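Structure, as structure tokens:
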Amino acid sequence: MGDATVTTREGPEEAVPQPVAERTGPGLPRRMRAPRRPRLWFEILLIAVSYWTYSLIRNAVPEQRAEALSNADWLWRLEYRLGIAVEESVNHAVNGVTWLIVGMNYYYATLHFVVTLAVLVWLYRRHPGRYAATRLVLFATTGVALVGYYLYPLAPPRLMTNTGFIDTVQAHDTWGSMASGDLKNMSNQYAAMPSMHIGWSVWSGLTIFILARTPWVRVLGLLYPAATLVVIVATANHFWLDAVGGLVCLAFGYGVARLWYGAQPYALPRAVPGWAGAPKPPSPAVGARLPAPVAAEDEQSPPVPAAPSAP
């Protein structure tokens, strides 16, 4: 006999996502690739240690001032040839509006970390099945950026000589850059390429736009990286092409997650076993008739007695 085909009486059922561990080959540890419930203490420790390591490595990169300034001059001339060298005009225009540029200084200093951490917390609470893969994108993006800082030291526009760029932090006596004012000795001043303000903000914006359900929240997800791009240019902390470098690093991060999990993070199941918010099977409606039980094929019905014949 051929394989029996079973159809349900309640209509089509929701497809159950195939476990990632079953879709990927045996070359990698399946347990590590399978989405599972994240542990809060481990995530806090991992993020803290990772950021400390990132800061340590980033700031330990030799500050090659002459090479960084030379690279900045070359990049600035390249942008002129491409017709996109408008950073200085934007810097001067926004600097003339005190309240706006002061707000941008604080935006540059705070939202880079606040929004990224908030998105991680939201993923942990609402999308635990996608959390680890999406976090891997962020970590891989940041890791490859460290390679860029080492191989291509680049001075930000505000540190260039013989240009008219304004360091808005110093001009308005605010704190908005780890490489300005009293904090300049605590951070590598020549780690402008790639821009992780763009890498992290686009990661946050894409995650919000794809996974959020409220329309206005999704719109905010798109506006956040766009506003970040304006801020990093207006404050003379980055060139346009630094933002392109950040996008390249982010693409690398998504590629790493795709290879490891066998799917893009947002395509993974939202829930994981043991998650309190996992969807439950729907209960039958009040008054609805339950389907009649189906007899097994090998079960024989009892014989029905014949009706007595008329005398």
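Computed from a prediction, not measured in an experiment: that's the story for all the values here. When a residue number appears, it is its place in the shown sequence, counting from 1. What's counted below: heavy atoms across the whole structure, side chains too, no hydrogens, waters or symmetry copies.
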Check your understanding: What is the ring orientation for Y107 with Y224, classed by angle as parallel under 30°, tilted 30 to 60°, or perpendicular over 60°?
Key -> tilted
**Study point:** Closest non-hydrogen atom pair, V202 against P225
**Key:** CG2-CB, 3.7 Å
Practice item. List in chain and number order the residues that pass side-chain hydrogen bond (donor to acceptor under 3.5 Å, both in side chains) with Y266, two or more places apart in sequence or in another chain; answer none if no residue qualifies. Key: T207, Y254
Review point. With side chains defined as the heavy atoms from C-beta onward, is the minimum distance between W200 and L250 less than 4.5 Å?
Key: no
Review point. Would you say E79 and E87 make side-chain contact, with heavy atoms under 4.5 Å?
Key: yes
Check your understanding: Taking side chain as C-beta onward, heavy atoms only, is Q189 less than 4.5 Å from R65?
Key -> no
Revision key, fill the gap. With W240 as partner, the option from L82, I198, V86 fulfilling side-chain contact (heavy atoms from CB on, under 4.5 Å) is V86
**Study point:** Contact summary for I208 and R218, nearest pair of heavy atoms
**Key:** O-CG, 4.3 Å
Exercise for review: State, yes or no, whether a side-chain contact exists between T141 and W203 at a heavy-atom distance under 4.5 Å.
Suggested key: no
Review point. For A234 and N91, which heavy atoms make the closest approach, and how far apart are they?
Key: O-ND2, 2.7 Å
Review point. Do D242 and L75 have side-chain heavy atoms sitting under 4.5 Å apart?
Key: yes
Revision key, fill the gap. The ring-ring contact (aromatic ring centres under 6.0 Å, His included) partners of W122 (sequence neighbours excluded) come to H127
Review point. N105 and side chain to side chain donor-acceptor pair (under 3.5 Å): which partner among T235, T174, N237, T110?
Key: T174
Check your understanding: Once the angle between the rings of H238 and Y108 is folded into 0 to 90°, is it parallel (under 30°), tilted (30 to 60°) or perpendicular (over 60°)?
Key -> tilted
Exercise for review: For the pair W76 and F165, name the ring-plane relationship: parallel under 30°, tilted 30 to 60°, perpendicular over 60°.
Suggested key: perpendicular
Review point. Do Y149 and M196 come within less than 4.5 Å of each other through their side chains, counting heavy atoms only?
Key: yes
